[in-house]
Structures are given as structure tokens and as C-alpha cells.
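One structure is given below, encoded as C-alpha cells.
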Amino acid sequence: FLAVTQALDADLRSAVVRATSVGFAIAPVVVLLIVAVEWASGSRGLWDAARTTSAFSQGAAIHAMVAGPLFVTLWRDGDRRLALSLAASILLAAGVVNNVAARIAIGTGAMVAIIVYAQPALRHVLYAGVIATIVVGPLVMPVAIKNSAACALVEGQASALHRFGIWAYVRSEIDQRPVTGMGLGGARLLSELEGRVDLTALCPDGLTEKQQKRRLKQALPTHPHNNVLQVWLELGAVGAAIAAMALMVALAGQSARRPSRAQFAGFATGLAAMFVIANLSYGVWQGWWVASLFLAIAFLRQALQPVDR
């Protein structure tokens with residue numbers, strides 16, 4: 001896919017970028033219309049209708065990853081009206097679609113874009129941080145929550161606290177085979193054991209009835225919801241080292257170019273968004289996720305194309 005996109009002539013690549021951008025700009029509006037129709041029909045309350053947007057969460061994740069590079073490419077090519085429409089659609093998607101990871105990715109990407117635009121050299125800090133996280137992921141990712149924040153998360157965002165429980169469980173399994181891992185598919189095998197994690201074990205306060213119902217969750221549901229930990233779990237330190245080296249080579253190739261600071265910002269925001277979503281939501285080997293990563297990478301590379309074609 002990457003080879004095909006790079007083989008296209010400049011005009012055709014620009015047409016692909018514009019067509020894709022139009023689709024992403026329209027998509028959140030369509031989702032909002034679906035919610036409005038369901039609410040107006042009386043079949044659902046407003047809150048219940050809004051919750052149905054979870055069905056579009058994967059689209060929101062893709063949106064968050066590609067929006068930055070697409071925006072920069074459109075702006076560079078002079079299609080600024082479409083670029084601004086795309087930016088507005090990002091905000092609409094973040095507000096409409098029920099996907100917290102995508103919102104975090106959009107916010108993180110925006111901050112990274114501002115920092116890298118102001119000081120392009122700081123992009124190397126981002127690159128180093130991503131690579132370092134892959135190398136030492138099991139040491140830095142599972143963060144224990146040992147205070148009243150655990151109770152609050154169970155009450156409002158049980159799925160968020162569940163992530164911490166999953167990661168702690170996966171870390172314990174990584175420690176069993178740290179060098180070579182369990183092998184491909186290891187996460188799915190562990191999920192079939194149907195272990196349980198107590199989300200409120202560290203909650204110092206009393207539990208409400210609602211919390212009691214939510215306190216036990218599956219220790220590993222299908223995958224760790226964290227690409228770095230899944231690589232470590234299944235491929236061990238060997239696989240993590242290979243992944244880190246592959247990323248280093250790819251980033252070194254992009255750094256060899258001489259794009260503008262805006263292009264560097266667009267590339268950095270896309271990379272940051274990809275990394276956030278990859279380590280909050282999905283399984284590393286899911287087919288749609290792998291395809292989405294290649295799509296995002298294609299637009300990242302397009303954002304760094306020379307201005308004068």
C-alpha cells in the first residue's frame with residue numbers, strides 16, 4: 001500500500017488527499033445526524049442516543065491519527081478552506097463520538113503540534129520517547145492507583161480503571177517469559193483463562209452499590225489494549241528490540257528530509273496520536289488496526305513531501 005501511494009504522481013496523490021479529507025470532514029456530521037434522528041424519533045433519550053456512537057469509535061480513532069497530517073498537506077497545497085473544515089470536524093468528532101482514547105489522542109496531538117511548530121528540534125524528544133517506551137514499556141506503563149481516584153474511576157469510568165488492571169496483569173505475565181515472550185496469539189490464550197481482576201481492591205473508601213457491581217472484571221479480555229505490552233507479552237524483549245529498531249530506521253529516514261516546520265508539526269502530531277491510541281485501545285494484530293496504521297503512515301509520509309513538486 002505504501003509503495004503504491006508513493007508511486008502515484010503528485011497530482012493524483014493530491015486528489016487522494018482531498019477526497020479522503022472530504023470524507024473525514026463529512027463523517028462526524030453524519031454521525032451527529034444519526035444521533036439527532038434517533039433522539040427526535042423518541043426511540044431513545046438523548047444520552048442513550050449519544051452512547052450509540054460507540055459503534056463509530058474505530059472511525060474516530062482513525063480520524064484522530066490522520067487529521068493532523070491531512071490538515072498540513074491541505075494547507076501546504078493551498079486548499080485551506082477544506083483544511084479548516086477538516087479541523088472543525090476533528091472537534092466535532094471528539095465531542096460526538098464516544099471514544100475517550102481518540103479525544104486524548106487529539107488533545108495530545110494538538111499540544112505536540114504546537115510544541116514542534118514552535119521548536120522543530122523538539123520532535124527528536126518525541127521520537128526518543130516513543131522508542132524508549134517500546135524498549136522499557138513493561139517498566140513504565142502499569143501505574144498502580146492507590147487512592148480515592150480508584151473509587152472515582154469505578155463510579156464514572158470503570159473501563160479506564162480496568163485498563164490499569166489489565167496492564168498490571170499483563171506485566172506479571174511478561175515477567176514469566178521476558179526474553180522471548182509467549183509467542184504470537186499468547187494474549188488470546190490468556191484471555192481464555194477468564195481470570196478476574198478486582199478493580200476496587202485498592203479503594204480506601206467504602207464501596208457504593210454501583211461500585212460493588214463493577215468491581216470484578218476480566219483480567220485480560222482478548223488483548224491488553226496496549227500495543228507495546230502486547231508485543232512484550234507475545235514476542236518478549238527480542239520482539240520489542242526489533243520493533244524499536246524498525247521505528248528508529250523509519251524515523252531516521254524522515255528526519256533526513258528538509259520539510260518546513262509546519263510539515264514537521266503535522267508529522268509529529270500524527271505520530272503522537274497513533275502512539276496514544278495504540279497504547280490505550282486496540283490489539284496490535286487486529287486486521288483493521290494494522291490496515292489503519294498503514295493508512296495513517298501513508299498520510300504521514302505525504303505530509304513531508306516537498307512543497308515544490
- Examine Ile106 and Val100 and state if one hydrophobic cluster contains both, with Ile, Leu, Val, Met, Phe, Trp and Tyr joined whenever side-chain heavy atoms are less than 4.5 Å apart. no

- Expected output: side-chain Thr73 to main-chain Pro69 donor-acceptor under 3.5 Å: yes

- If you measure from CZ on Phe264 to CG on Leu126, what distance do you get to the nearest 0.5 Å? 12.0 Å

- Message: How long is the straight-line distance from CH2 of Trp285 back to CD of Glu234, given to the nearest 0.5 Å?
- Response: 6.5 Å

- Task: Give a yes or no on whether the backbone of Gly185 and the side-chain of Arg188 come within a donor-acceptor separation of less than 3.5 Å.
- Result: no

- Within-4.5 Å side-chain heavy-atom neighbours: Phe71 and Ile90: no

- Verify the cluster assignment for Ile242 and Phe275: are they in a single hydrophobic cluster under the rule of side-chain heavy atoms below 4.5 Å apart? no

- Task: Would you give the length of the straight line joining atom CG of Leu74 to atom OG of Ser21, rounded to the nearest 0.5 angstrom?
- Result: 4.0 Å

- Query: Does some side-chain heavy atom of Met274 sit less than 4.5 Å from a side-chain heavy atom of Leu293?
  - Reply: yes

- According to the interplanar angle, ranging from 0 to 90°, do the rings of His223 and His225 count as parallel (below 30°), tilted (30 to 60°) or perpendicular (above 60°)? tilted

- Is a donor on one side and an acceptor on the other found under 3.5 Å between the side chain of Arg261 and the backbone of Tyr117? yes

- Message: Please evaluate residues Ile131 and Leu251 with respect to the criterion side chain to side chain contact (heavy atoms under 4.5 Å, CB included), reporting the C-alpha separation (whole Å), side-chain torsions for both, the decisive distance (0.1 Å), and the verdict.
- Response: CA-CA 10 Å; Ile131 293 169; Leu251 291 176; 4.2 Å; yes

- Query: Out of curiosity, Ser57 OG to His63 NE2, how far, rounded to the nearest 0.5 Å?
  - Reply: 14.5 Å

- Task: Is it possible for you to say whether Ile166 and Met182 belong to one hydrophobic cluster, with membership spreading through side-chain heavy-atom contacts below 4.5 Å?
- Result: yes

- For the residue pair Asn226 and Leu280, establish whether any side-chain heavy-atom pair is separated by less than 4.5 Å. no

- Query: What is the distance from atom CG of Leu84 to atom OG of Ser89, rounded to the nearest 0.5 Å?
  - Reply: 11.0 Å

- Message: Has Trp232 got a side-chain atom pairing as donor or acceptor with Gly181's backbone, closer than 3.5 angstrom?
- Response: no

- Query: Quick one: which of Asn279, Val135, Leu247 gives a side-chain contact (heavy atoms from CB on, under 4.5 Å) with Val130?
  - Reply: Leu247

- Query: Should Val17 and Gln302 be marked as a side chain to side chain contact (heavy atoms under 4.5 Å, CB included) after you check the CA-CA gap, both sets of side-chain angles, and the distance that decides it?
  - Reply: CA-CA 9 Å; Val17 167; Gln302 179 63 18; 3.8 Å; yes

- Note on the structure: When every non-hydrogen atom of Val112 is compared with those of Ala272, the smallest separation belongs to CG2-CB, 3.8 Å

- Task: Step by step, work out the side chain to side chain contact (heavy atoms under 4.5 Å, CB included) result for Leu184 and Leu235.
- Result: CA-CA 7 Å; Leu184 291 175; Leu235 302 178; 3.9 Å; yes

- Query: So, for Leu122 and Ile115, which heavy atoms are closest and what is the spacing to 0.1 Å?
  - Reply: CD1-CG2, 3.5 Å

- Taking all atoms of both residues into account, what is the closest heavy-atom pair of Gly129 and Thr133, and its distance? O-OG1, 2.7 Å

- Rounding to 0.5 Å, atoms CZ (Arg13) and CZ (Arg301) come to a distance of 9.5 Å

- Whether Ser172 side chain and Tyr169 backbone form a donor-acceptor pair below 3.5 Å: yes

- Task: Give a yes or no on whether Ile134 and Met248 share a hydrophobic cluster (residues Ile, Leu, Val, Met, Phe, Trp, Tyr; joining criterion: side-chain heavy atoms under 4.5 Å apart).
- Result: yes

- Item | Close side-chain approach of Ile62 to Phe24, heavy-atom, < 4.5 Å | yes

- Non-hydrogen side-chain atoms of Phe267 and Val116 separated by less than 4.5 Å: no

- Item | Smallest separation among heavy atoms of Asp77 and Ser14, with atom names | OD2-OG, 3.7 Å

- Item | Closest approach of Ala113 to Ala265 (non-hydrogen atoms, all atoms of both residues) | O-CB, 3.6 Å

- Task: Spell out, yes or no, whether Leu82 and Val30 are grouped together once hydrophobic residues are joined by side-chain heavy atoms under 4.5 Å, including indirect joins.
- Result: yes

- Message: Determine whether a donor-acceptor pair (N or O, by modelled atom type, separation under 3.5 Å) exists between the side chain of Gln263 and the backbone of Ala303.
- Response: yes

- Item | Candidate pair Arg18 and Asp79, rule side chain to side chain contact (heavy atoms under 4.5 Å, CB included), full reasoning | CA-CA 8 Å; Arg18 286 194 298 273; Asp79 204 343; 3.2 Å; yes

- Under 3.5 Å, is there a donor-acceptor pair linking the side chains of Trp289 and Gln58? no

- Message: For Gln230 versus Pro224, what's the shortest heavy-atom pair and its separation?
- Response: OE1-CD, 3.6 Å

- Are side-chain heavy atoms of Ile277 and Asn99 found at a separation under 4.5 Å? no

